[in-house]
Amino acid sequence: MESGGASPFPSGPVSGASTPSDVNADGTKRTKICVYCGASAGNKPEHLEAARELGKLFAANNIGLVYGGGTVGVMGEIAKTLVNLSGPDAVHGIIPEALVRYERGTQTTNGGDLPIPDEKTWGRTTVVKDMHTRKQMMAREVLAGGPGSGFIALSGGYGTIEELFETATWNQLGIHNKGVCILNINGYYDGILQWIRKSVEEGFVHGGNARILVEAKTPEEAITALREYKVSESVMKLSWDQQ
């Protein structure tokens, strides 16, 4: 589904979209944060360290992780860190079938014809048919989460940037009202933030919408940014359920 098309969040349920950890012990909705990040580790240790620290903070704050389902790189680091501290129910990985053998390591169990990660190490995994279904399911789980739910981009490549900007576009179009945060490790996303400022200067992004993407420089700041996120007054007030 392309950005700006029909709503990516249909009113009917999506099979496999919910997890046993959706509700806290007191009956309140659990905070869910979708983390977009790379299946590579990068060339500097700070990227993996940020993933580990974010996973530790998720555990300390009883936050559920929704992510792309990989077991390698930055993806794998945050998933295994959180599972180790909070158990398998704290993590839900969603991955297209075509990417299973490319975004996963060797610690897998046999799930039919596909190598499914060990749930005790990586958390729950849902295999879907394509990229659009993956993004839809990740987003819907966040939208159903409790206060402070939203989206964080750790370091990554083309796929991470595409997911980040589509999520920001959905916010601009009024499709969702959750926070979207760039966790800018060692200036990794300085170029993206400069582009946003230039787009405002050149008149392609409304000044208020520059705040759709908020920057954090530490994992602690990222979680706080989502808790305190305010929707821009400049976003479009569209009624997507009626399209």
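Here, residue 1 is the first one in the sequence, and each next residue gets the next number. All of these numbers come straight from a predicted model, not from anything done at the bench.
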Discussion item. So, using salt bridge (Lys or Arg N to Asp or Glu O under 4.0 Å) as the criterion, who are the partners of Lys80 when residues are at least two apart?
Written reply: Glu77

Worksheet item: Should Ile212 and Ile192 be regarded as members of a common hydrophobic cluster, given that ILVMFWY residues are connected when their side-chain heavy atoms come within less than 4.5 Å of each other, either directly or indirectly?
Response: no

Worksheet item: Which salt bridge (Lys or Arg N to Asp or Glu O under 4.0 Å) pairs, counting each pair once, include a residue from residues 172-197, with sequence neighbours left out?
Response: none

Practice prompt. Report yes if some heavy atom in the side chain of Lys29 is under 4.5 Å from a heavy atom in the side chain of Val23; otherwise report no.
Written response: no

Item to complete: Please report the shortest heavy-atom distance between Ala210 and Val205, naming the atom on each side.
Response: N-CG1, 4.1 Å

Discussion item. Has Asp130 got a side-chain atom pairing as donor or acceptor with His132's backbone, closer than 3.5 angstrom?
Written reply: yes

Worksheet item: Within a strict 4.5 Å, meaning less than it, do heavy atoms of the Asn171 and Asn209 side chains meet?
Response: no

Worksheet item: Do the side chains of Val66 and Val35 get nearer than 4.5 Å, heavy atoms only?
Response: no

Worksheet item: Are Ile185 and Leu48 joined in one hydrophobic group, where the rule is that I, L, V, M, F, W and Y side chains link up if heavy atoms are under 4.5 Å apart?
Response: yes

Worksheet entry | Salt-bridge present (Lys135, Glu166; N to O < 4.0 Å) | yes

Practice prompt. Would you check if Asn184 and Leu193 make a side-chain contact, meaning some heavy-atom pair closer than 4.5 Å?
Written response: yes

Worksheet item: Does the Ser232 side chain pair with the main chain of Ser234, one donor and one acceptor, at a distance under 3.5 Å?
Response: yes

Worksheet entry | Heavy-atom closest contact (Tyr67 atom, Val91 atom, distance) | CE2-CG1, 3.5 Å

Item to complete: Check for a donor-acceptor pair, side chain of His176 on one end and backbone N or O of Thr167 on the other, with a separation under 3.5 Å.
Response: yes

Discussion item. Looking at Thr125 and Gly93, would you say the former's side chain and the latter's main chain have a donor-acceptor pair under 3.5 Å?
Written reply: no

Fill in: Heavy-atom check, side chain of Leu54 versus side chain of Ile223, under 4.5 Å
yes

Practice prompt. Could you tell me the separation between the CG atom of Leu213 and the CD atom of Gln172, rounded to the nearest 0.5 Å?
Written response: 10.0 Å

Response to the item:
ring pair (Phe, Tyr, Trp, His ring centres under 6.0 Å) filter on Tyr229, not counting sequence neighbours, yields none

Response to the item:
salt bridge (charged side-chain N to carboxylate O under 4.0 Å, His left out) test vs Glu141 passes for just one of Lys32, Arg30, Arg134, namely Lys32

Discussion item. How close do Leu164 and Ala153 get, counting heavy atoms only, and between which atoms?
Written reply: CD1-CB, 3.9 Å

Discussion item. Count I, L, V, M, F, W, Y as connected when their side-chain heavy atoms are under 4.5 Å apart, and connections chain through other members. Are Leu183 and Val214 then in the same cluster?
Written reply: no

Item to complete: Verify the cluster assignment for Val74 and Leu57: are they in a single hydrophobic cluster under the rule of side-chain heavy atoms below 4.5 Å apart?
Response: yes

Worksheet entry | Flag side-chain contact, heavy atom, 4.5 Å: Phe151 against Ile33 | no

Fill in: Greater than 12 external heavy atoms within 6.0 Å of Gln194's CD
yes

Worksheet item: How long is the span from the CD1 atom in Ile94 to the CD atom in Gln136, to the nearest 0.5 Å?
Response: 10.0 Å

Fill in: Minimum heavy-atom distance between Trp170 and Ala139, given as atom pair plus value
CZ3-CB, 3.8 Å

Worksheet, complete the sentence: Shortest non-hydrogen pair, Leu65 vs Leu82, comes out as CB-CD2, 3.5 Å

Fill in: Residue Asp26 excluded, over 12 heavy atoms near CG under 6.0 Å
yes

Worksheet item: About how many Å separate CG of Leu99 and CE of Met131, when rounded to the nearest 0.5 Å?
Response: 6.0 Å

Practice prompt. Could you pull out all residues at least two apart from Glu220 that satisfy salt bridge (Lys or Arg N to Asp or Glu O under 4.0 Å)?
Written response: none

Discussion item. I need the Met75 CE to Ser40 OG distance, nearest 0.5 Å.
Written reply: 9.5 Å

Item to complete: Say whether, by atom type as modelled, one donor and one acceptor occur between the side chain of Thr31 and the main chain of Pro147 under 3.5 angstrom.
Response: yes

Discussion item. I need the Asn186 CG to Lys217 NZ distance, nearest 0.5 Å.
Written reply: 10.5 Å

Worksheet item: Does some side-chain heavy atom of Val128 sit less than 4.5 Å from a side-chain heavy atom of Glu97?
Response: no

Response to the item:
Closest heavy-atom pair, Leu226 versus Cys181, reported as atoms and distance to 0.1 Å, is CD2-CB, 4.1 Å

Response to the item:
Residue pairs passing the ring pair (Phe, Tyr, Trp, His ring centres under 6.0 Å) test with at least one member in residues 183-214, sequence neighbours excluded, are His47-Tyr188, Phe165-Trp195

Worksheet entry | Residues which pass salt bridge (Lys or Arg N to Asp or Glu O under 4.0 Å) with Lys198, listed by chain and number, not counting sequence neighbours | Glu201, Glu202

Discussion item. Any heavy-atom pair between the side chains of Val83 and Thr121 that's under 4.5 Å?
Written reply: no

Worksheet entry | Cluster overlap Leu143 with Tyr36, hydrophobic side-chain contacts below 4.5 Å | yes

Discussion item. So, taking the atom named CD1 in Ile182 and the one named CD1 in Ile161, what distance separates them when rounded to the nearest 0.5 Å?
Written reply: 7.0 Å

Worksheet item: Between Thr133 and Lys129, is there a donor-acceptor pair closer than 3.5 Å when you use the side chain of the first and the backbone of the second?
Response: no

